[in-house]
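Heads up, the thing below is written out as structure tokens.
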Amino acid sequence: MRRGWFLPIAATLGFAFLYLPIMSLVVFSFNESKLVTVWSGFSTKWYGELFADPQMLGAAWLSLQIAFFSATIALVLGTLCAVALVRFKRFRGRTVLAGAVSAPLVMPDVITGLALLLLFVAMEGLVGWPSGRGVLTITIAHATFCTAYVTVVVQSRLSDLDLSLEEAAMDLGATPVRVFFDITLPIIAPALISGWLLAFTLSLDDLVIASFVSGPGSSTLPMVIFSKVRLGVSPDVNALATIIIGVVALGVIGATLFSMRSGRARRA
Amino acid sequence: MTTLDSRLPPPRRLRPWHGLERRLRDVGISGRTLVIAAPAIWLTIFFLVPLVVVFGISLATKQFGRPPYSPLLTTDEGKVQLTLHLSNYVRLFTDPLYVAAYLSSIRIALVATLITLVIGYPMAYAIARAPDKWRNILLMLVILPFWTSFLLRVYALSGFMRGNGVINQILGVFGIEPLVMMQTDFAVYVGIVYTYLPFMILPLYTNLVKLDTSLLEASADLGSRPWQTFLSVTLPLSLPGIVAGSMLVFIPAIGEFVIPSLLGGPETLMIGRVLWDEFFAATNWPRASAVAMAMLVVVVIPILLLQKAQDAVVERGK
């Protein structure tokens with residue numbers, strides 16, 4: 001096929017657009033001056049400042065805990081949901097379940113946040129649980145929308161799965177539960193890991209929903225960042241962003257190399 | 001309990017699920033029911049019921065106290081009275097602020113989606129046509145920003161477009177006057193395109209990579225120019241990808257809060273921001289609920305379109 005000049009140029013410009021702002025942020029995190037956009041010399045002092053800020057550190061730790069628990073709940077619920085949708089072709093309420101699990105993917109955050117807050121308040125009035133709002137309510141809220149993402153990831157892996165292995169195990173007398181744990185689970189493990197990681201990242205990243213359902217003393221990291229950034233640029237946020245981008249980049253590059261290698265091994 | 005346990009064979013190896021199935025069957029619950037029930041119950045309580053609650057509270061009025069809205073049901077000497085206020089909805093249609101916010105949200109989301117499509121389509125096509133060894137790396141470059149914090153990417157963009165930001169410094173080198181980009185609708189468009197671009201590229205790529213190139217060759221052999229082939233073959237075949245990508249950008253963009261509040265100016269009206277202010281600044285929960293219901297009406301049709309497009313992509317994949 002003829003290779004034109006248009007596509008490569010368009011792609012290059014597109015990638016430049018995606019990456020230049022991030023790269024300039026990383027560069028300026030090592031800037032000495034407080035003026036984030038004027039370069040005045042290399043320095044790592046903003047990193048030092050970041051790690052000496054108890055509010056940031058406390059919020060980061062809180063966010064990591066919430067992300068861990070909500071991703072784990074979402075992993076269990078999302079996997080069950082994916083199994084139900086892929087394997088059980090017909091059951092009552094299948095369309096409702098499919099809709100309810102995919103709608104949170106695109107539902108505007110402000111609606112999800114408001115709806116959950118109103119639910120928690122109404123529930124507290126009716127049954128006394130959950131009392132007040134804080135880590136628990138944020139975790140529930142995050143687990144709910146993360147379930148949708150885990151379901152999508154696991155669903156696509158499950159529907160590609162070769163059924164003959166499971167059928168063979170069943171023919172040999174294994175119960176469905178045993179087949180799931182011994183055969184299905186090891187095969188879909190990569191999807192489970194990426195689903196969990198995706199849920200973890202999304203929970204760490206959420207500002208809007210957490211703002212609605214959090215309570216006094218439970219400010220997550222994005223909430224602290226937002227309140228800082230709203231007042232203008234702050235160099236320690238640049239430092240934090242650089243750390244997060246670095247960790248994510250290492251993870252994604254590692255995962256890509258791993259999947260490229262295993263893909264090559266499978267083809268060979 | 002002891003009789004039940006003694007009926008079970010002793011576990012040969014440590015497998016937590018060993019015997020679990022039989023135990024459940026004894027109680028009359030099949031594993032299948034359990035698999036469906038767990039997520040179904042969770043999603044009902046924490047996704048469907050909340051939407052009903054929002055609808056209910058949108059029919060209340062603001063009131064001082066906890067919770068800050070009037071009860072829908074009141075009992076008075078054995079009589080149960082249901083009070084529904086339509087004032088919030090009346091207000092939505094009569095107050096020019098809300099009408100303007102709706103229209104401008106839809107306009108901003110629509111224009112931004114179109115720009116994202118125009119930028120994202122060639123990128124997705126380039127990745128789909130790239131040599132094998134490049135394709136994974138390019139895909140990774142698309143996915144990477146998707147995994148980094150949304151908030152921090154918006155923040156990075158604000159540093160880029162600021163009055164003394166990188167763009168204006170580069171312009172200054174060429175002796176061009178600094179541009180005012182921040183706190184304008186333009187910045188909001190750029191923000192939406194920037195943060196949602198991966199959502200456009202990925203479904204388009206999945207669609208375009210499956211495109212049968214022999215169709216393109218056939219079209220070229222029959223004398224079509226490249227752009228004619230594109231318009232009559234590639235574009236129609238990639239329609240499900242276009243719809244899916246566009247909806248993935250359009251729907252969340254309508255309710256966007258972070259982008260207009262960090263990049264937009266005070267006159268950038270978006271409905272997500274109005275809802276936020278109604279809730280946090282005015283603590284008018286019923287009004288915020290009515291805004292949410294009205295926003296839901298706007299996004300329901302795109303959500304249905306999205307589901308149809310995704311089904312089409314799945315069908316074609318089989």
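Letters A, B, ... mirror the listed sequences (proteins, then strands); counts begin at 1.
Neither the backbone nor the side chain of Leu85(A) has a heavy atom closer than 4.5 Å to any heavy atom of chain B. No part of Phe55(B) comes within reach of chain A, as not one of its non-hydrogen atoms sits under 4.5 angstrom from that chain. Both the backbone and the side chain of Leu151(B) come within less than 4.5 Å of a heavy atom in chain A. For a residue to count as touching a neighbouring chain, one of its non-hydrogen atoms must lie under 4.5 Å from one of that chain's; by this rule Val142(B) touches chain A with backbone and side chain alike. Only the side chain of Leu197(B) comes within contact range of chain A, with heavy atoms under 4.5 Å apart. For chain A, no part of Phe199(B) is nearby; none of its heavy atoms comes within less than 4.5 Å. Proximity to chain A is limited to the side chain of Ile57(B), based on heavy atoms less than 4.5 angstrom apart.
Relative to the ring axis of Phe88(A), Arg32(B) places its NZ or CZ within 45° and under 6.0 Å from the centre.
Expressed to the nearest 0.5 Å, how far CG of Leu7(A) lies from CZ of Arg129(B) amounts to 9.0 Å. Atom CE of Met107(A) is separated from atom CG of Leu296(B) by 5.0 Å, given to the nearest 0.5 angstrom. Rounding to the nearest 0.5 Å gives a distance of 8.5 Å between CG of Leu139(B) and OG1 of Thr256(A). The line from CG of Leu152(B) to CG of Leu25(A) is 7.5 Å long, rounded to the nearest 0.5 Å. Taking CD1 of Ile45(B) as the start and CG of Leu119(A) as the end, the distance is 8.5 Å to the nearest 0.5 Å.
Annotation: side chain of Val101(A) is not in contact with side chain of Phe47(B) (no heavy-atom distance under 4.5 Å). In this structure, the side chains of Tyr19(A) and Pro145(B) come closer than 4.5 Å at one or more pairs of heavy atoms. Proximity of Ser289(B) to Leu118(A): side-chain heavy atoms (C-beta onward) are separated by under 4.5 Å at one or more points. The side-chain heavy atoms of Pro108(A) and Met295(B), taken from C-beta on, include a pair separated by under 4.5 Å. The shortest distance between side-chain heavy atoms of Thr33(B) and Phe91(A) does not fall below 4.5 Å.
In terms of heavy-atom pairs under 4.5 Å with chain A, the best-connected choice from Pro67(B), Ser149(B), Ala292(B) is Ser149(B). Listed options Val106(A), Thr12(A), Ile9(A), Thr201(A) were ranked by heavy-atom pairs under 4.5 angstrom with chain B; first place goes to Val106(A).
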> Between Trp147(B) and Leu197(A), is a side-chain contact (heavy atoms from CB on, under 4.5 Å) present by the stated rule, with each step listed?
Replying inline: CA-CA 9 Å; Trp147(B) 285 82; Leu197(A) 284 173; 3.9 Å; yes
>> Apply side-chain contact (heavy atoms from CB on, under 4.5 Å) to residues Glu256(B) and Asp109(A) and explain how you reach the verdict.
In response: CA-CA 8 Å; Glu256(B) 190 50 59; Asp109(A) 288 347; over 6 Å; no
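Looking at Asp205(A), its side chain does come within 3.5 Å of a backbone N or O of Phe150(B) through a donor-acceptor pair. Between the side chain of Tyr194(B) and the backbone N or O of Leu18(A) there is at least one donor-acceptor pair closer than 3.5 Å.
With sequence neighbours excluded, the residues satisfying ring-ring contact (aromatic ring centres under 6.0 Å, His included) with Phe280(B) are Phe212(A), Trp276(B).
Along residues 139-154 of chain A, the residues that come nearer than 4.5 angstrom to chain B, judged on non-hydrogen atoms, are Ile140(A), Ala143(A), Thr144(A) in order of number.
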